[in-house]
K.L.:
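Okay, here's the structure, questions in a sec.
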Protein chains: 2
Amino acid sequence: MAQKIKLSTIAESLGLSTATVSLALRDSPLVASDTREKIKEQARLLGYIYNRRAASLRTSRSGIIGVVVHDIMNPFYGEILKAIESELDRSRQTFILSNHYDSVEKQRTFIETLLQLGGDGVIMSPAIGSPPEDLMLAEDNGMPAILIARTMDGLALPTYRGDDTYGISLATNHLIGLGHRVIAMVGGTDQTSTGRDRYQGYVNALRKAGIAVDPNLRIPGPRTKQGGFEAAVNFLSLPQKPTAAVCWNDLVAIGLMNGISRAGLVPGRDISVTGYDDLEEASIATPALTTVSNGQAEVGRLAARALLDKLAGSHEPDGLHLIKPEMRIRQSTGPIHHRD
Amino acid sequence: MAQKIKLSTIAESLGLSTATVSLALRDSPLVASDTREKIKEQARLLGYIYNRRAASLRTSRSGIIGVVVHDIMNPFYGEILKAIESELDRSRQTFILSNHYDSVEKQRTFIETLLQLGGDGVIMSPAIGSPPEDLMLAEDNGMPAILIARTMDGLALPTYRGDDTYGISLATNHLIGLGHRVIAMVGGTDQTSTGRDRYQGYVNALRKAGIAVDPNLRIPGPRTKQGGFEAAVNFLSLPQKPTAAVCWNDLVAIGLMNGISRAGLVPGRDISVTGYDDLEEASIATPALTTVSNGQAEVGRLAARALLDKLAGSHEPDGLHLIKPEMRIRQSTGPIHHRD
DNA sequence: CTGAAAGCGCTTACAG
DNA sequence: CTGAAAGCGCTTACAG
């Protein structure tokens, strides 16, 4: 590596001022077009690398946007991130990604780091138990924040997520329509808005159909494939002998189906199973999973757009934006089939 | 948000110089301990946020490390990233993540952005068709680079990956040992070192066992679950009627097994299937997938360590570091079972 | 143990 | 259309 090339190196080599070089490289109409071309050519020749830290120190815009979610390895978040990425790419923003694994500590460290780097904004799916002041840390320091996937009550932050109560009722009603009466709910936690909403939607649907709600038919906890797989044992030994399971999400549903298969039963025939999210994987599972679309691409796209709009100065209405879920009927659900 | 708090705000409020405040906040022994405590307390009270851009402009260390891989939604990379993350977390480095989706363009943009941000180093799994000069762009500008998962010939960059040729021969030999003679290879591409190495390992193992290599038994292309699922049709209609498939990776294997199941055959009994990578998901697939561990956690950990060591000044030996794969025998492979 | 001053590499009024 | 100069918020010699 030769000497570090900076604006002044280019300026001196051309007998111009740094001001002119700076303007030219950013395509300012203030610079004569042949001067501009000469400067750009010289920058290329010298292998000039723009120092964003210096620029951002001066302008206080860094071009950095932070995104923090529970776990990027979870395809649900992966699909959201993909949409955010393609939206941010278009406006040449760099994005910094982090998992918080539901650690409030890790989440706060991330927000602080982002503030230190002069981040322009942040999109987050809040960790379980987040203190409101942690989530407001960004806004309080002039960095706009947008929430996705989970709601935090009492926070005036724009939020984009699916309508969980409604969505899970679609799945539950679908099963009821197929004749199922003993329907378990597998997975999820009351510690998130999503978890509470989905359980509530399931309860509502049963009540509306005149089916008594049996709390023992709830197997809370699992949120992953592994979790669903392990829950199969509990599920299959429930004394009420459910003929169907409404799962917390697709991962749990696929895991549960694997567990059911291992036990020699056929999901979709012996036991009906619904997922939630409609991950890319849902349609190629065996059997293909009946599930509820949860608008990941939409959530990511809208959240990114809202943030970019905010940065551009237009004031989006704050508040909750619910994406409407839709039923996707496939092979994992069918008419009631009595075990025993 | 009140007035922006900076070092000088704290200094003035305490009647000290910025130099003293700066040193105190970084726990310098040069500052008297009660002065230091007073300063730290004041910083906390004022809600001071350290401006890393300003600091890094001065010190030319940013605390940022870039990581770019093909696709973070692919659990193979996800598992590597997790290991990198936990290693970097320990040394308080921020990491910036990006997908290149095998676009050389996107990869170069990422490296340039990282240079502009003053990144301290970069870990990359090179995009297909990367020009060597793109990969050297980082090093040429003083930013150390480490390669993972894929090799680029003729580049003097430290590289960490699994031993593909050896690993795939383990899988192939396992099938041969079970009596299989017509073994297809499903997925992968000759455009990556990994793809070439794995095909070669498969060919070597067959030859060593005295089995003629039939190029028509290769179904190149698939690298995802979806791809494996779709390849099932081709696989099942091969005129040679293979009794087993060596798959490019676990995703392809799981997809292929789903496709085989849909066709009414039982993977693990009618058709033996091996995967590659030993993803977390492999053990809960149905049937549980026989596969080859590919050391994702090891690759991530070692690559991150090597980079941190390099940043700390110790010169790691460059060159290729191969992680030794191991066979994981589960339910998706069994003795030969003739179709028809 | 503490302070005054220069400088990291940009951009932005302000002049001309 | 171009230039001289100040300043973004830190850290680092150098003095004392």
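Letters A, B, ... mirror the listed sequences (proteins, then strands); counts begin at 1. Small disclaimer: the values here were computed from a predicted structure and weren't measured.
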K.L.:
Is there a donor-acceptor contact under 3.5 Å linking the side chains of A/Thr94 and A/Arg52?
P.N.:
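Yes - a donor-acceptor pair under 3.5 Å links their side chains.
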K.L.:
Should A/Thr20 be listed as having a side-chain N or O under 4.0 Å from OP1 or OP2 of D/dT2?
P.N.:
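Answer no for this pair, as no side-chain N or O of A/Thr20 is under 4.0 Å from OP1 or OP2.
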K.L.:
Taking 4.0 angstrom as the limit, do A/Arg305 and A/Asp309 come out as a salt bridge?
P.N.:
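A salt bridge is present here (some side-chain N lies under 4.0 Å from a carboxylate O).
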K.L.:
Quick check on DNA chain C: between B/Leu23 and A/Thr18, whose nearest nucleotide comes earlier from the 5' end?
P.N.:
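By nearest-heavy-atom nucleotide position, the 5'-most residue is B/Leu23.
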K.L.:
To the nearest angstrom, how far is A/Ile49 atom CD1 from C/dG9 atom C1'?
P.N.:
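Spelled out: CD1 on A/Ile49 to C1' on C/dG9 is 14 Å.
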K.L.:
How do B/Ala54 and B/Thr35 order along DNA chain C: which one's closest nucleotide is nearer the 5' end?
P.N.:
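Result of the comparison: B/Thr35.
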K.L.:
In whole angstrom, what separates B/Ile10's CD1 from D/dT11's P?
P.N.:
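Distance check: B/Ile10 CD1 to D/dT11 P gives 11 Å.
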K.L.:
Between A/Gln107 and A/Tyr101, do the side chains contain a donor N or O and an acceptor N or O under 3.5 Å apart?
P.N.:
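No donor-acceptor contact under 3.5 Å links the two side chains.
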K.L.:
Which part of the nucleic acid, if any, lies within contact of B/Ala19, taking any heavy atom under 4.0 Å across all strands shown: a base, the sugar-phosphate backbone alone, or nothing?
P.N.:
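Result for B/Ala19 = base.
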K.L.:
How many Å lie between CG on B/Leu25 and C1' on D/dT11, as a whole number?
P.N.:
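So the two atoms are 12 Å apart, to the nearest Å.
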K.L.:
Using the side-chain heavy atoms of B/Tyr48, tell me which of these nucleotides is nearest: D/dT2, C/dT2, D/dC10.
P.N.:
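It is D/dC10.
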K.L.:
Compare the minimum distances between each of C/dA4, C/dT2, D/dT2 and the side chain of A/Leu16, then state the nucleotide with the smallest one.
P.N.:
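Closest nucleotide among those given: D/dT2.
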K.L.:
Could you please name the option among C/dT12, D/dC10, C/dT11 that lies closest to any side-chain atom of B/Tyr50?
P.N.:
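Side chain of B/Tyr50 sits closest to D/dC10.
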K.L.:
For C/dT11, take OP1 and OP2 only and decide whether either is under 4.0 Å from a side-chain N or O of A/Arg26.
P.N.:
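So the side-chain polar atoms of A/Arg26 do come within 4.0 Å of the phosphate oxygens OP1 or OP2 of C/dT11, strictly under.
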K.L.:
Quick one: A/Lys4 NZ to C/dG9 P, roughly how many Å, whole number?
P.N.:
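Taking atom P of C/dG9 as the reference, NZ of A/Lys4 is at 8 Å.
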K.L.:
The side chain of B/Arg58 lies closest to which of these nucleotides: D/dT2, D/dT12, C/dC10?
P.N.:
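When the side chain of B/Arg58 is considered, D/dT12 is the closest of D/dT2, D/dT12, C/dC10.
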K.L.:
Please report the distance, rounded to the nearest Å, between CG in B/Asn51 and P in C/dC8.
P.N.:
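One finds 18 Å between P of C/dC8 and CG of B/Asn51, rounded.
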K.L.:
Give a yes-or-no answer on whether the side chains of A/Thr189 and A/Arg223 include a donor-acceptor pair shorter than 3.5 Å.
P.N.:
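A/Arg223 and A/Thr189 do not have a side-chain donor-acceptor pair below 3.5 Å.
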K.L.:
For a quick check of understanding: with a heavy-atom distance under 4.0 Å over all strands, which category does A/Gly15 fall into, base, sugar-phosphate or nothing?
P.N.:
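It contacts sugar-phosphate atoms only.
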K.L.:
Report the distance from atom CG of B/Leu115 to atom C1' of C/dG9, rounded to the nearest whole Å.
P.N.:
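Between C1' of C/dG9 and CG of B/Leu115: 16 Å.
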K.L.:
Which comes earlier along DNA chain D counting from the 5' end, the contact point of B/Ala55 or that of A/Pro29, where each point is its nearest nucleotide?
P.N.:
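Going by which nucleotide is closer to the 5' end, it is A/Pro29.
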K.L.:
Return the nucleotide paired to C/dA13: Watson-Crick means purine N1 to pyrimidine N3 with N6-O4 or O6-N4, wobble means G-U with N1-O2 and O6-N3, both under 3.5 Å.
P.N.:
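Its partner is none (no Watson-Crick or G-U wobble pair with both distances under 3.5 Å).
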K.L.:
Between D/dT11, C/dT2, C/dG9, spot the one nearest the side chain of B/Leu7, thanks.
P.N.:
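The answer is D/dT11, which lies nearest to the side chain.
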K.L.:
Does B/Glu139 come within less than 4.0 Å of B/Lys310, counting only side-chain N to carboxylate O?
P.N.:
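A salt bridge is present here (some side-chain N lies under 4.0 Å from a carboxylate O).
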K.L.:
Please check the phosphate of C/dT11 (OP1 and OP2 only) for any side-chain N or O of A/Ser22 closer than 4.0 Å.
P.N.:
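For A/Ser22, the contact criterion (side-chain N or O under 4.0 Å from OP1 or OP2 of C/dT11) is met.
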K.L.:
Could you walk me through whether A/Glu41 and A/Arg44 pass the salt bridge (Lys or Arg N to Asp or Glu O under 4.0 Å) check?
P.N.:
CA-CA 5 Å; A/Glu41 176 60 15; A/Arg44 210 172 305 125; 2.6 Å; yes
K.L.:
To the nearest angstrom, how far is A/Leu57 atom CG from C/dT12 atom P?
P.N.:
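Rounded to whole Å, this separation is 12 Å.
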K.L.:
To the nearest angstrom, how far is B/Lys6 atom NZ from D/dT11 atom C1'?
P.N.:
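One finds 16 Å between C1' of D/dT11 and NZ of B/Lys6, rounded.
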